[in-house]
> 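Could you have a look at this structure, given as structure tokens, before my questions?
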Amino acid sequence: MQKIQMTTPIVEMDGDEMTRILWKMIKDELILPFVDLKSEYYDLGLENRDKTDDQVTIDSANAAKKYGVAVKCATITPNAARVKEYNLKEMWKSPNGTIRAIMDGTVFRAPILVKGVEPYVRTWKKPITIARHAYGDLYKASEMKIPGPGKVELVYTAADGSETRELVHEYKSAGIAQGMHNLIPSIESFARSCFSYALDTKQDLWFATKDTISKKYDHTFKDIFQEIYDNEYKDAFEKAGIEYFYTLIDDAVARVVKSEGGYIWACKNYDGDVMSDMVATAFGSLAMMTSVLVSPDGKYEYEAAHGTVQRHYYKYLKGEETSTNSVATIFAWSGALRRRGQMDDLSELMRYADCLEKATIDTIEAGYMTKDLALVSSLPEIHPLSSEGFIKAIAERLTQYLEK
Ligand code: NAP
Ligand code: MG
């Protein structure tokens with residue numbers, strides 16, 4: 001069989017631990033035999049981040065901006081234990097945070113649905129994609145413990161020194177206080193990423209805040225979304241037959257539970273943090289969750305939502321057999337290659353991505369899966385496989401599909 005050709009490279013960001021092992025298996029078994037892969041490789045493994053003083057992460061994010069499509073392996077975000085384990089020069093920042101800041105992007109998370117792993121919510125038939133604004137609010141708040149009576153105010157000091165004040169509270173007892181902020185350009189980027197991703201994936205977009213209570217803060221989010229929608233996206237949405245709609249967060253939660261899925265739910269930072277864990281769990285498996293970072297000008301970075309699966313890696317290092325689920329990482333590759341195919345008008349590459357996803361899902365639905373899914377699957381006949389056995393089973397099916 002002739003290998004499928006590419007014209008522009010994708011940016012490949014390698015990572016850590018068990019997912020780094022899966023990364024190589026996926027490339028060797030599922031990609032390289034079929035695709036003449038063009039990629040610009042960046043090693044984001046913790047050792048190399050330490051060696052390059054984390055410059056490699058910055059370089060990889062800039063490359064993603066340049067080429068427009070990246071695929072990333074899960075990486076360790078160092079904590080004190082990791083600094084010791086890897087003898088690090090510094091407790092390097094989260095690579096995902098660094099990449100997100102450089103690409104100014106929004107993260108979209110969506111579950112992969114398979115027969116046998118049913119959502120806990122009976123009505124859900126299609127994936128629900130959560131878009132989380134990843135800047136500000138609670139995550140950059142200043143807080144104070146108020147020891148006793150007195151008043152707390154918000155004070156804005158303009159560049160000319162003039163002050164505007166807003167009373168937070170007159171305290172008659174001890175209490176607590178919090179100051180949050182956000183930025184108009186960040187909210188605008190968030191809105192544009194959401195609208196363009198909705199258009200790309202042809203799904204409705206829902207957005208919800210608590211604007212009835214938060215008349216300036218949350219209301220600003222609502223107004224910015226509406227204004228950008230009306231001025232920049234309305235026509236395209238109508239042409240694509242999709243809808244943007246805004247509602248209160250409490251109403252959104254009720255509608256989501258009663259819906260059949262198949263839309264994007266845009267959330268403020270905290271709501272997205274909480275709701276994405278709720279939605280992921282309710283769909284059945286963290287290992288089946290995809291994640292894509294989208295910049296407001298349509299640059300994409302694909303990855304799995306889970307981490308490096310450290311516990312399995314230590315088993316692997318001891319020479320024990322592992323059964324780690326590679327589905328979300330495979331879908332990161334298929335997502336990136338399909339996107340590259342769309343941008344460069346390569347129908348063979350797009351078809352390959354479709355076949356890879358279909359081969360993966362059909363393998364599981366035929367009963368061949370890793371142990372995490374075997375534990376929850378309701379299929380009558382299940383064959384649990386090792387990490388490598390599962391990828392090889394997909395490769396067999398993929399070969400058949402591509403030859404058809
Ligand atoms: P994790 O790697 O997601 O794994 C947590 C547990 O979930 C695993 O021990 C495993 O359960 C299960 N699991 C997750 N993915 C699985 C898969 N593909 N197949 C089978 N089981 C899977 O989270 P963590 O252990 O909290 O974090 C490990 C490292 O990953 C940390 O250093 C963290 O910084 C990093 N991390 C990176 C990213 C990222 O790069 N996007 C995201 C999150 C965390 P059992 O052990 O019960 O089998
Ligand atoms: Mg969370």
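In listed order, ligands and their atoms are each counted from 1.
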> Provide the number and element of each atom of ligand 1 under 4.0 Å from a heavy atom of K72.
40 (O)
> Which of the atoms of ligand 1 are close to A287, meaning less than 4.0 Å from one of its heavy atoms?
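Contacts of ligand 1 toward A287, numbered from 1: 16 (C), 17 (C), 18 (N), 19 (N).
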> Find out whether the Lys NZ or Arg CZ of R109 is both under 6.0 angstrom from the six-membered ring centre of F283 and within 45° of the ring's axis.
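R109 over F283 ring: no.
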> Compare N96, V309, N325 and give the one whose heavy atom is closest to atom 39 (C) of ligand 1.
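Going through N96, V309, N325 one by one, N96 has the nearest heavy atom to atom 39 (C) of ligand 1.
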> Identify the closest protein heavy atom to atom 32 (O) of ligand 1: which residue and atom is it, and at what distance?
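Residue, atom and distance for the closest contact: R82 NH2, 3.0 Å.
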> Angle between ring planes, W333 versus W23, binned at 30° and 60°: parallel, tilted or perpendicular?
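Aromatic pair W333/W23 classed tilted.
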> Picking from R82, K315, R311, what satisfies salt bridge (charged side-chain N to carboxylate O under 4.0 Å, His left out) with E17?
R82
> Which of the numbered atoms in ligand 1 are under 4.0 angstrom from any heavy atom belonging to E303?
41 (N)
> Return yes if a side-chain donor-acceptor contact under 3.5 Å exists between S94 and N96, otherwise no.
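Side chains of S94 and N96: no pair found under 3.5 Å.
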> Just heavy atoms, cut-off under 4.0 Å: does E17 contact ligand 1 by side chain, backbone, both, or neither?
neither
> Looking only at N/O atoms, are T77 and ligand 1 under 3.5 Å apart anywhere?
yes
> Mind checking whether F225 and F190 have ring centres under 6.0 Å apart?
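Yes, they do, as the ring centres are separated by less than 6.0 Å.
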> With a 4.0 Å cut-off, strictly under, does atom 47 (O) of ligand 1 pick up any protein heavy atom?
yes
> Any chance the side chains of Q310 and Y314 put a donor and an acceptor closer than 3.5 Å?
yes
> Does the protein place any heavy atom closer than 4.0 Å to atom 26 (O) of ligand 1?
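No; the ligand atom in question lacks any protein heavy-atom contact below 4.0 Å.
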> If only side-chain N and O atoms count, and only distance matters, is there a donor-acceptor pair under 3.5 Å linking Y135 with N182?
no
> So, for atom 1 (P) of ligand 1, does the protein have a heavy atom nearer than 4.0 Å?
yes
> Could an N or O of ligand 1 be found under 3.5 Å from any N or O of T75, whether backbone or side chain?
yes
> Protein heavy atoms: any of them under 4.0 Å from atom 29 (C) of ligand 1?
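Within 4.0 Å: yes, protein heavy atom nearby.
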> Can you check whether Y229 and F237 have ring centres sitting under 6.0 Å from each other?
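Judged by ring-centre distance (under 6.0 Å), Y229 and F237 do meet the cut-off.
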> Whether D16 and R49 form a salt bridge (side-chain N of Lys/Arg under 4.0 Å from carboxylate O of Asp/Glu) is what I want to check.
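So R49 pairs with D16 through a salt bridge.
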> Where does H306 meet ligand 1, judged by heavy-atom distances below 4.0 Å: at the side chain, the backbone, both, or neither?
both
> Among K126, K125, R255, which residue satisfies the salt bridge (charged side-chain N to carboxylate O under 4.0 Å, His left out) criterion with E260?
K126
> Is the shortest distance from atom 37 (C) of ligand 1 to a protein heavy atom below 4.0 Å?
yes
> So, regarding A74 and ligand 1 (criterion: nitrogen or oxygen to nitrogen or oxygen, under 3.5 Å), is there a contact or not?
no
> To the nearest 0.1 Å, how far is atom 3 (O) of ligand 1 from its closest protein heavy atom, and which atom is that?
G307 N, 2.8 Å
> Just so I know, are the side chains of T8 and Y67 near enough to count as touching, which here means a heavy-atom distance under 4.5 Å?
yes
> Which heavy atom of the protein is the closest neighbour of atom 7 (O) of ligand 1, given with residue, atom name and distance?
L286 CD2, 4.6 Å
> Is there a polar contact, in the sense of an N or O pair closer than 3.5 Å, between T324 and ligand 1?
no
> Who's closest to atom 20 (C) of ligand 1 heavy-atom-wise, of R311, M18, H312?
H312
> Hey, what do you get for CG (N87) to CD (E47), rounding to the nearest 0.5 Å?
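The CD atom of E47 is 10.5 Å from CG of N87, to the nearest 0.5 Å.
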